[in-house]
Novice: 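If you scroll down you'll find the structure; I have some questions about it.
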2 protein chains.
Amino acid sequence: MYARPVDTRERLIESTRALLWERGYVGTSPKTIQERSGAGQGSMYHHFRGKADLALAAITRSAEEMRARAEAIFSGPGTPAQRIITYLRRERDVLRGCPVGRLTQDPDVMADPTLRRPVERTFVWLRARMTGLLAEAQAKGEIDSELDPAATATALVAVLQGGYVVARAAADAEVYAQAIDGALGMLAGHAR
Amino acid sequence: MYARPVDTRERLIESTRALLWERGYVGTSPKTIQERSGAGQGSMYHHFRGKADLALAAITRSAEEMRARAEAIFSGPGTPAQRIITYLRRERDVLRGCPVGRLTQDPDVMADPTLRRPVERTFVWLRARMTGLLAEAQAKGEIDSELDPAATATALVAVLQGGYVVARAAADAEVYAQAIDGALGMLAGHAR
DNA sequence: GTCTATATTACGATAGAC
DNA sequence: GTCTATCGTAATATAGAC
């Protein structure tokens, strides 16, 4: 990700993605975007109608990327339960947090239905996809069939997102790993 | 909480608390604080040195309140495991998120060691306190002694914090409840 | 303790030349 | 497509009267 973009429009989107990740929508100004992308005022307003329009392009791409990276693991090798574990344990930029999840804390993003939609859809999809994998794991007898797949999936996504929060609070990426370990430890009680 | 403050200094702190909760530090301006508190420019700069100084008072109080509310349940009636469940299921302003946890997403708060400290200490304390309760629950035979208390505690705090994230993404408080249900469902596999 | 006036810089966008 | 100039408003604070 973050391939070095060659054209101005592309650099604007990638710079905005990075800034939204670091500082959120409220904390990101057009001026900063222009400085980081190396594009001038005029270029930005030529390619996009304004801050919100550019943010939409950035958010949409980050959401797509997050989904694609997850799907690559979910549809990859291993049993369903193994793939979920692989996803939870995969290498992450923990202290930077989740580029999509952090937008849920941004009042101006959540207040704008257009900006909000990609965020909402990403998490709806992620929870549904993991629900399906958990159901598969149950069908294969990998995990206890008494677990509610949807609730368990939501809990696992929450551990992931909350893992970023507690790790950032501690300024220690290891705390994220501990949260995941704890969740998988609990899940292990239901393994067959 | 949010008792109606009578003096100006108090109104400034309470208004700042509310605004930090809604919009974060980056999204909150002194002007907005003055408007909401009914205090004038001069009053604010008389009582506090500036935005950061006022935010410190607000953050410190929110952190203390979060801790006190948790401790009231943790040291309350019921077995250790029951008290943890009571805490996770207690009524919450889910769609508003956690007033302390949300600050971990605020770049200017995390960059300032003084503002950052109360946030860090709150989560360190919360994880440690729940670790202790889980160890107690194990000693009483309430839950499986094979679970790592510290990792489990961190996972439960993460579910809570991540529960806010997924609920806000869905604009549905019920999603928070689902995350907690899922986590407790997993934990139930280790109940005795 | 509170008020108004003022200062400086940034924000977010538009206008129009090139 | 990109540049510079400009605009109106807001952010964050200081100065000094009352």
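Heavy-atom basis, side chains included; hydrogens, waters and symmetry copies ignored. Below, chain A is the first sequence line, B the second, and so on; all start at residue 1.
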Novice: Between atom CD in A:Q41 and atom P in C:dC11, what is the gap in whole Å?
Specialist: 11 Å
Novice: Thinking salt bridges, do A:R89 and A:D181 make one under a 4.0 Å N-O criterion?
Specialist: yes
Novice: If you check every side-chain atom of A:K51, which of C:dA13, D:dT2, C:dT2 has the closest atom?
Specialist: C:dA13
Novice: Taking for each residue the nucleotide of DNA chain C bearing the nearest heavy atom, is the 5' side occupied by A:P30 or by A:G42?
Specialist: A:P30
Novice: Between C:dC11, D:dT2, D:dT14, which nucleotide has the shortest distance from any of its atoms to the side chain of A:S29?
Specialist: C:dC11
Novice: Across the strands shown, which category fits B:T28 at heavy-atom distances under 4.0 angstrom: base, sugar-phosphate, nothing?
Specialist: sugar-phosphate
Novice: Mind calculating the distance between CZ (B:F48) and C1' (D:dA13) to the nearest angstrom?
Specialist: 16 Å
Novice: Calculate the interatomic distance between A:K31 atom NZ and C:dG12 atom P; express it in whole Å.
Specialist: 12 Å
Novice: Please give, in whole Å, the distance from C:dA15 P to A:H46 NE2?
Specialist: 16 Å
Novice: Send over the distance from A:H47 NE2 to C:dA13 P, rounded to a whole Å.
Specialist: 17 Å
Novice: Given atom CD of A:E35 and atom P of D:dC3, what is their separation to the nearest angstrom?
Specialist: 14 Å
Novice: Looking at B:T8, does any N or O in its side chain come under 4.0 Å of the phosphate oxygens OP1/OP2 on C:dG1?
Specialist: no
